[in-house]
Every structure is written in C-alpha cells, then in structure tokens.
Amino acid sequence: MKKIIILLISILIDGLITNITLYNFNNITYFMPMCTVVSLIFLYEDKDFLKLYLISSIVYGTLYINNLLFSFILFFIVISFIRLLDKINNNCFIIVIKIILVILLYDGIYFIFNSLINNTFILNNYIYKIEHSLILNLIYGLILYNITKKGSKFNY
C-alpha cells in the first residue's frame with residue numbers, strides 16, 4: 001500500500017511542478033520533474049514487476065504522455081533497466097548514479113521517439129531538459145532514499 005501511495009504522490013508532483021513553474025523553453029518547463037520515473041527505482045521488486053509496470057505506465061501515460069502504447073514501451077524499457085541496476089548494492093552514491101542513468105535513458109528514448117515522429121532533431125532541447133531535470137529529480141530521489149530505506153535491510 002505504501003508503494004502505491006508513493007507512486008501516486010510522485011505522479012501528482014510531476015503534474016503540479018510543471019503547472020506551477022512559469023518559465024518554459026520550447027514547451028519544456030524550467031524544472032522538469034520525472035518523479036514517477038525516479039520513484040520506480042525505489043519501488044521496484046521482482047515480485048511486483050508486472051503490477052508496478054502496468055500501474056505506472058497506464059496512469060502516467062494517460063495523464064502526461066497521452067499515448068498508452070508509447071508509455072508501455074517506455075516504461076517497460078525503464079523498468080527492465082532498473083531491474084538490471086537493482087543487482088548492485090545500494091548506497092547514497094550508487095543511488096545518485098542510478099537516478100542519473102534512469103533519467104538519461106528515459107529522456108533519451110523519449111527524445112528519439114519524439115524526434116522520429118515529428119522529424120525534428122534538436123539536441124539543444126534534450127540537453128536543456130536533462131540539465132534542468134537532474135537537480136530536482138536528484139533531490140526527490142534522495143528524499144525517497146531516506147524515506148524508503150532502500151539501502152537498509154528493513155522492508156518498507
């Protein structure tokens with residue numbers, strides 16, 4: 001139950017921050033939250049793979065991407081990557097590396113698909129989005145790390 005609450009809070013934060021920030025550049029807000037994607041790092045367990053995948057991709061895809069097929073593909077790749085990264089022991093430094101890698105993967109795949117569909121390949125937009133999303137998402141990830149105790153042996 002706690003995992004679903006964390007996932008729903010992350011989805012709400014994604015929507016609130018993009019609506020609150022006033023400044024945007026090419027339809028990208030100054031603080032680009034990807035709290036849902038970051039929260040998947042802390043919520044992932046092998047036994048809940050399918051449930052986490054379906055809930056996150058359906059809700060996030062419906063609210064923010066507006067394309068369920070694209071959302072299914074994107075979240076499957078990201079959760080599979082998190083599954084590979086989950087074999088590494090967690091400490092604060094490793095969690096920061098995981099967050100950065102997952103953000104780069106998610107945004108990279110999103111950028112490639114979006115570029116193929118719209119026939120526009122503007123690398124500056126991708127770099128701008130990565131630069132402005134890292135700080136906020138790292139802070140959120142470190143807060144989740146302390147809340148969920150991913151690095152400890154206690155079950156949350």
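Numbering starts at 1 and runs along the sequence shown.
Residues Lys98 and Asn90 are in side-chain contact: their nearest non-hydrogen atoms beyond the backbone lie under 4.5 Å apart. Using a 4.5 Å heavy-atom cutoff, the side chains of Tyr145 and Ile41 are not in contact. With contacts defined as side-chain heavy-atom distances shorter than 4.5 Å, the pair Val37/Ile103 does not qualify. With a 4.5 Å cut-off on side-chain heavy atoms, Val102 and Leu40 do not count as touching.
For Phe70, the ring-ring contact (aromatic ring centres under 6.0 Å, His included) partners at least two apart in sequence or on another chain are Tyr110, Phe113. For Ile117, the side chain to side chain contact (heavy atoms under 4.5 Å, CB included) test picks out no residue, with sequence neighbours left out. Under the side chain to side chain contact (heavy atoms under 4.5 Å, CB included) criterion, Leu101 pairs with Phe81, Leu85, Ile97, not counting sequence neighbours. Asn114 is linked by a side chain to side chain donor-acceptor pair (under 3.5 Å) to Asn118, counting only residues two or more places apart in sequence or in another chain.
Phe75 has its ring centre no less than 6.0 Å from the ring centre of Tyr53.
The side-chain hydrogen bond (donor to acceptor under 3.5 Å, both in side chains) pairs that include a residue from residues 61-77 number zero, where partners must be two or more places apart or lie in different chains. Residue pairs satisfying the salt bridge (Lys or Arg N to Asp or Glu O under 4.0 Å) criterion with at least one member in residues 102-111, sequence neighbours excluded, are listed as follows: Asp107-Lys129. Here salt bridge (Lys or Arg N to Asp or Glu O under 4.0 Å) pairs that include residues 66-84, with residues two or more places apart or in two chains, are Asp46-Arg83. Contacts classified as salt bridge (Lys or Arg N to Asp or Glu O under 4.0 Å) and involving residues 58-67 (residues at least two apart or in different chains) are not found.
Leu116 belongs to a hydrophobic cluster with Ile112, counting contacts under 4.5 Å between side-chain heavy atoms of Ile, Leu, Val, Met, Phe, Trp and Tyr, direct or through other members.
Cluster annotation: Leu84 is not connected to Leu105 through the hydrophobic network of ILVMFWY side chains, with a link wherever side-chain heavy atoms come within less than 4.5 Å. Grouping the Ile, Leu, Val, Met, Phe, Trp and Tyr side chains by contacts below 4.5 angstrom, directly or via other members, places Leu69 with Ile65.
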Output side-chain donor-acceptor pairs under 3.5 Å for residues 5-15, partner residues at least two apart or in another chain, one line each.
| unit_1 | atom_1 | unit_2 | atom_2 | d |
| --- | --- | --- | --- | --- |
| Ser10 | OG | Ile6 | O | 2.8 |
| Ser10 | OG | Tyr140 | OH | 2.5 |
| Asp14 | OD1 | Cys35 | N | 2.7 |
| Asp14 | OD2 | Thr36 | N | 3.1 |
| Asp14 | OD2 | Thr36 | OG1 | 2.6 |

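Of the possible donor and acceptor atoms, one in the side chain of Asn137 sits under 3.5 Å from a partner among the backbone N and O of Ser133.
The two residues Ser57 and Leu68 come nearest to each other via the heavy atoms O-CD2, 4.0 Å. Considering all non-hydrogen atoms of both residues, Cys92 and Leu142 come closest at SG-CD2, 3.6 Å. Closest approach of Tyr106 to Val78, counting heavy atoms only: CD1-CG2, 3.9 Å.
Atom CG in Leu144 sits 7.0 Å away from atom CG in Leu43 (nearest 0.5 Å). The structure places CG of Asp86 at 6.0 Å from OH of Tyr44, a figure rounded to the nearest 0.5 Å. Rounding to the nearest 0.5 Å places CD1 of Ile82 at 12.5 Å from NZ of Lys87.
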